[in-house]
Undergrad: 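The structure under discussion is supplied below as structure tokens; questions concerning it will follow.
In what follows, chains carry the letters A, B, and so on, assigned in the order in which the sequence lines appear, proteins first and then strands, with residues in each chain numbered from 1.
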Protein chains: 2
Amino acid sequence: MTLHKAKKTYHHGDLRAGLLSSARMLLEEQGISALGLRAITRHAGVSSAAATPHFGNLMGLLSALATVGYEELAAALEPVLEEGAHAVGLVYVRFAILNPGLFTLMFRSDVIDRNEPALAAARARTSGMLTRLIDSLGGQQPQRTQAGTRAALWGKVHGLAVLAIDGFLDVLLSSQGEGLSLEDLLEDALR
Amino acid sequence: MTLHKAKKTYHHGDLRAGLLSSARMLLEEQGISALGLRAITRHAGVSSAAATPHFGNLMGLLSALATVGYEELAAALEPVLEEGAHAVGLVYVRFAILNPGLFTLMFRSDVIDRNEPALAAARARTSGMLTRLIDSLGGQQPQRTQAGTRAALWGKVHGLAVLAIDGFLDVLLSSQGEGLSLEDLLEDALR
DNA sequence: GGCGTAAACTTATCAGTGATAAGATTATTT
DNA sequence: AAATAATCTTATCACTGATAAGTTTACGCC
């Protein structure tokens, strides 16, 4: 009787997860502008005020969704951390391409609250992984250029992700080499 | 009599420029979320419907503001185009740091309309300058890696700009070398 | 020079948004 | 079993961007 999702009850299981799932679906299918409180709750089959006990307000909900993003990104990066910057960069950009809406949301500080404890924690964990990786590279450089090297690497990876989401890399691809896939381009760019 | 700005008249000079100026001030001082139609028109001392004849709607106004951004960026890049990628990258990132709100707006496709003719033209002009510059570099490379090199360079510069706006570079700076300025860091990173 | 048309701007109003207080329903604790 | 607390709904509020209708000014034309 008790199915996985008991939809009929007044309290239906965990609305928190349901709202996050609805928000994510709307985000990836219709973009960030579709992330209204009413749209999300309507998609979850619930009244527009039902999100309040779980998230407080819309920004709280979107911050929780961004938290999921940081956690998933960390989970994707962790297995390849030992393989070096090239592999990590590839996974980073791939994550952005596969979850463009979520990735974009994670950096929209006007819509999410970066002081939210859970979000700040997930963010710190993820960026700590990257910082440690970057620190392990080129340790024998003169100290003056170390920070520059880190910034360059980080900037390149993040910039490629943003450009890929915005479709600039496809422009680069189609304008020139024909037999080149996006994966190949990233391989070369991250070398 | 006819001063530069005749404020008292019913039609006051060019409201179009006045609204763009108000929007820009609000943008840089209070962030993108302060860019409401009512806030902008109120700041310009005009009714909330006064923007309609000039811009159609809010998205039209913000698209025009982003157009200004692309034009200013192009004007800043043009004088250093001959000096190579390093100088151009530096100017690019400096522009982002000096106009963080405007730079961010230029890439927020949910708030501006990229099909707006003037915006599309300014955008094409600016990115054409960068494309030509990138094409002039490393022409003797094997063609397979050419697109990769372009993407890497473009990604690095744009990524550094985004990271700088988000404050990540300051984190990198303060966590390590003390006697390093942001300019020095960018110098090294863009090498 | 005056008239008529078009443009700029205001006022008033509308549907839609996120937030919230108050009430109804179910879980949980004792 | 009763009491308390949590979840969810309903109703409402202030606010937003858009728009139609009306008012004021500019401008081309005779």
Undergrad: More than 12 heavy atoms of other residues, nucleotides or ligands under 6.0 Å from CE of Met59(B): yes or no?
TA: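 Correct, the count exceeds 12.
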Undergrad: What is the separation between atom CE on Met59(A) and atom C1' on dT17(C), rounded to the nearest whole Å?
TA: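 Value for this atom pair: 15 Å.
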Undergrad: What side-chain donor-acceptor pairs closer than 3.5 Å can you find for residues 84-102 of chain B, not counting sequence neighbours?
TA:
from: His86(B); atom 1: ND1; to: Leu190(B); atom 2: O; distance (Å): 3.4
from: His86(B); atom 1: NE2; to: Glu187(B); atom 2: OE1; distance (Å): 3.0
from: Tyr92(B); atom 1: OH; to: His158(B); atom 2: ND1; distance (Å): 2.9
from: Arg94(B); atom 1: NE; to: Glu183(B); atom 2: OE2; distance (Å): 2.7
from: Arg94(B); atom 1: NH2; to: Glu183(B); atom 2: OE1; distance (Å): 3.3
from: Asn99(B); atom 1: OD1; to: Arg24(B); atom 2: NH2; distance (Å): 3.4
from: Asn99(B); atom 1: ND2; to: Phe95(B); atom 2: O; distance (Å): 3.1

Undergrad: Do NZ/NE/NH1/NH2 and the carboxylate oxygens of Asp166(A) and Arg114(B) come within less than 4.0 Å?
TA: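 The answer is yes: the pair qualifies as a salt bridge.
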Undergrad: Between P on dT16(D) and CD1 on Ile40(B), what's the gap in Å once rounded to a whole number?
TA: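 Those two atoms, CD1 and P, are 12 Å apart.
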Undergrad: Expressed in angstrom and rounded to an integer, what is the separation of Leu37(B) atom CG from dC14(C) atom P?
TA: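 Distance check: Leu37(B) CG to dC14(C) P gives 19 Å.
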Undergrad: Which of these nucleotides, dT11(C), dA18(D), dC9(C), is closest to any side-chain atom of Ala49(B)?
TA: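 Between dT11(C), dA18(D), dC9(C), the one nearest the side chain of Ala49(B) would be dT11(C).
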Undergrad: Round to a whole Å and report the spacing from CG of Leu62(B) to P of dG17(D).
TA: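 Checked: the CG to P distance equals 10 Å.
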Undergrad: Looking only at the side chain of Ser47(B) (C-beta and beyond, no hydrogens), which of the listed nucleotides dC8(D), dA19(C), dT10(C) gets closest?
TA: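 My answer, after comparing the listed nucleotides, is dT10(C).
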Undergrad: Starting at CG of Leu15(B) and ending at C1' of dT10(C), how long is that distance when rounded to a whole Å?
TA: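 That distance rounds to 12 Å.
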Undergrad: Which heavy atom in Leu169(A) sits nearest to a heavy atom in Ala164(A), and how many Å separate them?
TA: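 The answer is CD1-CB, 3.6 Å.
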Undergrad: How many Å lie between CG on Leu58(B) and P on dG17(D), as a whole number?
TA: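 My rounded result for the distance is 6 Å.
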Undergrad: Whole angstrom is fine here: how far is it from CZ in Arg42(A) over to P in dG16(C)?
TA: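 Whole-Å distance recorded here is 10 Å.
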Undergrad: Under 4.5 Å between any side-chain heavy atoms of Val80(A) and Glu83(A), yes or no?
TA: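 Of all side-chain heavy-atom pairs linking Glu83(A) with Val80(A), at least one is under 4.5 Å.
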Undergrad: Measure from the side-chain heavy atoms of Val46(B) and tell me the nearest of dT10(C), dT20(C), dA19(C).
TA: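 Taking heavy atoms from C-beta onward, the closest nucleotide is dT10(C).
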Undergrad: Taking the axis from the first five pairs and the axis from the last five, what angle separates them in the helix from dG1(C)-dC30(D) to dT30(C)-dA1(D), rounded to 10 degrees?
TA: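 Rounded value for the end-axis angle: 10°.
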Undergrad: Measure the distance from CG on Leu61(A) to C1' on dT17(C) and round it to the nearest whole Å.
TA: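 The distance from CG of Leu61(A) to C1' of dT17(C) comes to 15 Å, rounded to the nearest Å.
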Undergrad: Measure the shortest side-chain to side-chain distance between Leu65(B) and Phe55(B) over non-hydrogen atoms and say whether it is less than 4.5 angstrom.
TA: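 No, their side chains stay 4.5 Å or more apart.
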Undergrad: Taking for each residue the nucleotide of DNA chain D bearing the nearest heavy atom, is the 5' side occupied by Pro53(A) or by Arg38(A)?
TA: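 Going by which nucleotide is closer to the 5' end, it is Pro53(A).
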Undergrad: dC8(D), OP1 or OP2 - any side-chain N/O from His54(A) closer than 4.0 Å?
TA: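 Yes.
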Undergrad: Does a salt bridge link Arg150(B) with Asp188(A), judged by any charged N lying under 4.0 Å from a carboxylate O?
TA: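 No, this pair does not count.
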